[in-house]
Amino acid sequence: MPRRARTAIALTTAGILVAGALCATPAWAGPDRTAPPAPVFDDVTVHDPSVVTSGDDIWVFGSHGASAHTTDLRSWQQHTVDLSQNADNALFDDIYTELAETFEWAQTSTLWAADVIQLPDGRYAMYYNACEGSSPRSALGLAVSDEVDGPYENQGILLKSGMWDEESENPGEIYDARIHPNAVDPDAFYDADGRLWMVYGSYSGGIFLLEMDAATGEPLPGQGYGTHLVGGNHSRIEAPTIQYDAETGYYYLYLSFGGLGVTGGYDVRVARSKDVAGPYLDAQGNDMREVKADPALPLFDDASIQPYGVKLMGGHLFGRELGDPGTGVGTGYVSPGHTSWYQDPDTGRMFMVFHARFPGTGELHEVRVHQMWMNEDGWPVVSPMRYAGETAGKVKRADVVGAWQLVDLGKDITATAAVASDVSLDKAGRISGAVEGRFTLTGQHTATLTVDGVAYRGVFAPVWDPDLEAWSTAFTAVSDAGVTLWARKTVELTDAAAVDAVVADLSLGDTSAVTVDLDLPTSGTGGTTITWSSSDPSVVAADGTVTRPGIGQPDARATLTAVVANGSASASVSFEITVPARTPGVLAGAWSFDGTLADAAGTFADAAPTGARIDAPASGPASFAADGVAGSALRLDGAGGVRLPDGLVQGSSYSVSLWLRPEALTPYTTAFFAAASPSSWVSLVPRGHDGVGGSTMLWSGAQWYDAGTGRSLPVGEWSHVAFVVDGGAASVYVDGELRFQGTGFPDVLSGPGNVFALGVNWWDTPFRGDVDELSVWSSALSPDDVAELAAR
């Protein structure tokens, strides 16, 4: 097994210099007292990445046929992409022909989390798998190649699951999803003696282990599904991977708890065992075989499983206030998980490799790598920041004294990010601020933090801080209860410097054509306050309320002034605001659906029925319901939709008004869909994701934007829904009531060639219900205009 290096490299801490603007000096230096170079990152998207090496290249293989490689764990190169983007996948000569049996059994056209390992004879074994998605009907198979990048030759299916009312892979046992596994998420690995194993499973009956034949890559006979390690009763536990550590003598079983999406609360946990086959215990000694959902509670019960396992990572945010270094809301992850691990054979350094989503970017995901260490109790701890080439070395008390942000990752499975709080570490070893406690240095860079009476053991380590854009210091530690603390050093400013920083950072964006209320910040870094006043409250008030002049009136102007204060320091800054007058509505197209798909405005050709996807052929003519809002209405049966004319709208200002009577509300289903491409779209979703509480929402991707209304449409009843996009400002109305208003909406439809549809997109379950009185405008309607349309 690879050895772990014992290189000693000094840690130093330098302050933040402020001279009009912030300038961060490095907080870490190498043996020659100079900081290492700034890292260069090239990012890729491989969901569920699994690591294998080939020469100097480190590869990851993941879901949907995606793969990528790197030599330094920082600059990645994409090899293959999602099958939905490119069906000609380079990993197979003809993936849909060669894996036809797998796709047929799993009733899907994509793959889930693949794993690749090199066999003793030098060949590469890929464990591919496919799943139906809404059930555990899955197939897990083997393909081999002489080269890591393929092409792989299929060897056939190894395991199946989801065979309802039929015998499972365990002879004589009818498949039962509560106790038998879902045959997905494989991870092949070698134990301390060089024997090959595969751990696998997701939800359903839990995580299982099989011993494999290293000569063939196939399971040894007579094991059925193998040995049960974790989970059951449909508990949300998946993505297992096992690492053997020669120094501690433990096998570490890493798992992902929760749901993988942006609202799923995905997190990373670990348990360990001296025996590869278990039992695996957490830090409190709990046997993970007993960790499963309560069958008396609703499906996918998280409450029963969240107390268990050592939680190493989860959704979190090192928040950023106005005037702090960086941009946006701060640095953090949303639903990080599906880990793999890598240990450098030359240095012994250990790394966790996973995918993560990010605050405010929706379902966008990328590969991330963080360095890991073993703490004094033999539990892994993970750096709070992505790997940037750092090596941890000796740390002194003076290096860690100062202001910090501290995140308690807790044990809950939750979509709510753990938000950092402010603390200080002093020369006497005291911790004060949001928590109270002490810290003790116990080794070259190991330490114990006792916070509110609980001891956390871990390490201080250098990190590249993306907000500072400089080298800094972080801390990572875990308690005996399996709770992780992360912390990073922060900037300390004088009163005057804080005011200067806030003034430099304060912006209201483009104020030359303000059409919606402004969100005026009232606080900033270091307790700075911001007080607003207006030269003309009838145009824009001190609370940001905007009043637009009526049609035919001149544009209005006003000056907003902010007084920024901190202690005895203060400064003011002014913004000139122009509020354009309202303009008459410009109707692009209208459909009354009175037994026809014709454009009532007479501008465009007739709309046309589709199949279950926007570009799929229809199985028959359009259907109409007699009891529409006015006359008849379009009836969609959940199996297809209607393709509206291409080019219906082109521009950054447009409005859509329609009546909806859903028969069912299914997540992600679109009622009105507009797209420039499959990666740039706008969707009106009657039932949004959990991040908006399932409410009706206006959604955009891949520049993700979630405009939840806080209200659900009633099933079987007519509701009027409208949305208005006006040069980046978005408003959503339900039954004439403004339910959402925001800025920064993506500019999706300004280019040519846009496509439009009702009830369907390229991916999701079609809408089931009725649609009536659709009107699309190539202008921004006023609230009065919307109210008039809703009153019909």
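What you see is a predicted model, and the numbers here were worked out from it, not measured in a lab. No hydrogens, no waters, no symmetry mates; every other heavy atom, side chains included, goes into these values.
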Using side-chain hydrogen bond (donor to acceptor under 3.5 Å, both in side chains), reason through Ser63 and Trp112 one step at a time and then give a plain yes or no. CA-CA 4 Å; Ser63 288; Trp112 280 23; over 6 Å; no
Could you walk me through whether Leu255 and Val268 satisfy the side-chain contact (heavy atoms from CB on, under 4.5 Å) test, starting with their C-alpha distance in whole Å, then the side-chain angles of each, then the deciding distance to 0.1 Å, before giving a yes or no? CA-CA 6 Å; Leu255 301 159; Val268 179; over 6 Å; no
Run the numbers on Thr216 and Leu142 for side-chain contact (heavy atoms from CB on, under 4.5 Å), then give the verdict. CA-CA 10 Å; Thr216 65; Leu142 170 67; 5.9 Å; no
Begin from the C-alpha positions of Leu281 and Asn286 and carry the test side-chain contact (heavy atoms from CB on, under 4.5 Å) through to its verdict. CA-CA 5 Å; Leu281 309 180; Asn286 296 301; over 6 Å; no
Would Glu218 and Met212 count as a side-chain contact (heavy atoms from CB on, under 4.5 Å) if you check the C-alpha gap in whole Å, the side-chain angles of each, and the deciding distance to 0.1 Å? CA-CA 5 Å; Glu218 299 179 3; Met212 311 296 281; 5.6 Å; no
Verdict with supporting geometry, Asp467 and Thr331, side-chain hydrogen bond (donor to acceptor under 3.5 Å, both in side chains): CA-CA 7 Å; Asp467 291 327; Thr331 296; 2.9 Å; yes
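A side-chain donor-acceptor contact under 3.5 Å links His370 to the backbone of Ser383. Using a distance-only test at 3.5 Å, with no hydrogens or angles considered, a donor-acceptor pair links the side chain of Lys311 to the main chain of Asp412. Side-chain atoms of Asp193 never come within 3.5 Å of backbone atoms of Arg195 as a donor-acceptor pair (strictly under, hydrogens ignored). Side-chain atoms of Gln78 come within 3.5 Å of backbone atoms of Thr45 as a donor-acceptor pair (strictly under, hydrogens ignored). Side chain of Thr473 to main chain of Pro462: no donor-acceptor pair is present (N/O by atom type, distance under 3.5 Å, no hydrogens or angles). Within the 3.5 Å criterion, the main-chain N or O of Ile242 finds no donor-acceptor partner in the side chain of Trp197. Checked by atom type and distance alone, the side chain of Asp245 never pairs as donor or acceptor with a backbone atom of Gly249 at under 3.5 Å. Under the 3.5 Å distance criterion, the side-chain polar atoms of Thr80 are matched with a main-chain donor or acceptor of Gly65. At least one donor-acceptor pair under 3.5 Å links the side chain of Trp404 to the backbone N or O of Val400. When atom types are taken as modelled, the side chain of Glu390 and the backbone of Tyr387 share no donor-acceptor pair closer than 3.5 angstrom.
Using a 4.0 Å cut-off between a side-chain N of Lys or Arg and a carboxylate O of Asp or Glu, Arg349 and Asp344 do not qualify as a salt bridge. By the 4.0 Å N-to-carboxylate-O rule, Asp267 lies close enough to Arg269 to be salt-bridged with it. Ionic pairing of Arg386 and Asp43 is present here: one or more N-O contacts between side-chain nitrogen and carboxylate oxygen are shorter than 4.0 angstrom. Using a cutoff of 4.0 Å between basic side-chain nitrogens and carboxylate oxygens, Arg368 and Glu366 are scored as salt-bridged.
Closest non-hydrogen pair, Pro380 versus Leu312, comes out as O-CD2, 3.1 Å. Residues Arg357 and Leu260 approach most closely at NH1-O, 2.9 Å, considering heavy atoms. Contact detail for Ala303 and Pro307: the closest heavy-atom pair is O-CD, 3.6 Å. Summarising the geometry of Ala487 relative to Pro384, their closest heavy-atom pair is O-CG, 3.9 Å, with the distance given to 0.1 Å. For the pair Trp471 and Ala388, the tightest heavy-atom approach, listed with the atom from each and the gap, is CH2-O, 3.5 Å. What you find for Ser138 and Val184 is that their closest heavy atoms are OG-CG1, 3.5 Å.
Side-chain contact between Thr490 and Asp422 is absent, with no heavy-atom pair separated by less than 4.5 Å. At least one side-chain heavy atom of Tyr251 sits under 4.5 Å from a side-chain heavy atom of Asp191. For the pair Asp57/Val148, no side-chain contact is recorded, criterion being any heavy-atom separation below 4.5 Å from C-beta on. No side-chain heavy atom of Val116 sits under 4.5 Å from any side-chain heavy atom of Ser50. Contact check for Gln243 versus Met372: side-chain heavy atoms found under the 4.5 Å cut-off. Between Asp185 and Pro240 the shortest side-chain heavy-atom distance falls below 4.5 Å. Using a 4.5 Å cut-off on side-chain heavy atoms (C-beta onward), Leu441 and Arg397 make contact. Two residues are said to be in side-chain contact when any heavy atoms from C-beta on lie closer than 4.5 Å; Ser75 and Phe41 fail this criterion.
Heavy atoms from other residues, nucleotides or ligands lying under 6.0 Å from CG of Asp56 number 12 at most. Within a 6.0 Å radius of OH in Tyr225, other residues, nucleotides and ligands contribute more than 12 heavy atoms. Other residues, nucleotides and ligands contribute at most 12 non-hydrogen atoms within 6.0 Å of the CD atom of Glu147.
Rounded to the nearest 0.5 angstrom, Leu140 CG and Glu169 CD are separated by 10.0 Å. Between Asp48 atom CG and Thr339 atom OG1 the span is 10.5 Å, to the nearest 0.5 Å. Taking CZ of Arg123 as the start and CD1 of Ile117 as the end, the distance is 13.0 Å to the nearest 0.5 Å. Here the straight-line distance linking atom CG of Asp302 with atom CD of Gln306 works out to 6.5 Å at 0.5 Å rounding. Between the CH2 atom in Trp341 and the CZ atom in Phe189 there is a gap of 9.5 Å [rounded to 0.5 Å]. Between the CD atom in Glu238 and the OG atom in Ser204 there is a gap of 10.0 Å [rounded to 0.5 Å].
A distance of 6.0 Å or more separates the ring centres of His445 and Phe460. Between Phe257 and Tyr266, the ring center distance fails the sub-6.0 Å criterion.
Aromatic ring pairs are classed by plane angle as parallel below 30°, tilted from 30° to 60° and perpendicular above 60°; the pair Phe61 and Trp59 is parallel.
For the 3.5 Å distance criterion, the side chains of Thr442 and Glu376 qualify, holding a donor opposite an acceptor. For the residue pair Tyr333/His355, the side-chain donor-acceptor check at 3.5 Å is not satisfied. Thr248 and Tyr252 share a side-chain donor-acceptor pair at under 3.5 Å. With 3.5 Å as the limit, one finds a donor-acceptor pair spanning the side chains of Ser54 and Tyr124. No side-chain donor-acceptor contact under 3.5 Å links Asp465 and Ser472. No side-chain donor-acceptor contact under 3.5 Å links Trp76 and Thr70.
Geometrically, Arg272 engages Trp379 in a cation-pi contact defined by less than 6.0 Å to the ring centre and at most 45° from the axis. Geometrically, Lys274 engages Tyr250 in a cation-pi contact, judged by NZ or CZ lying under 6.0 Å from the ring centre and within 45° of the ring axis.
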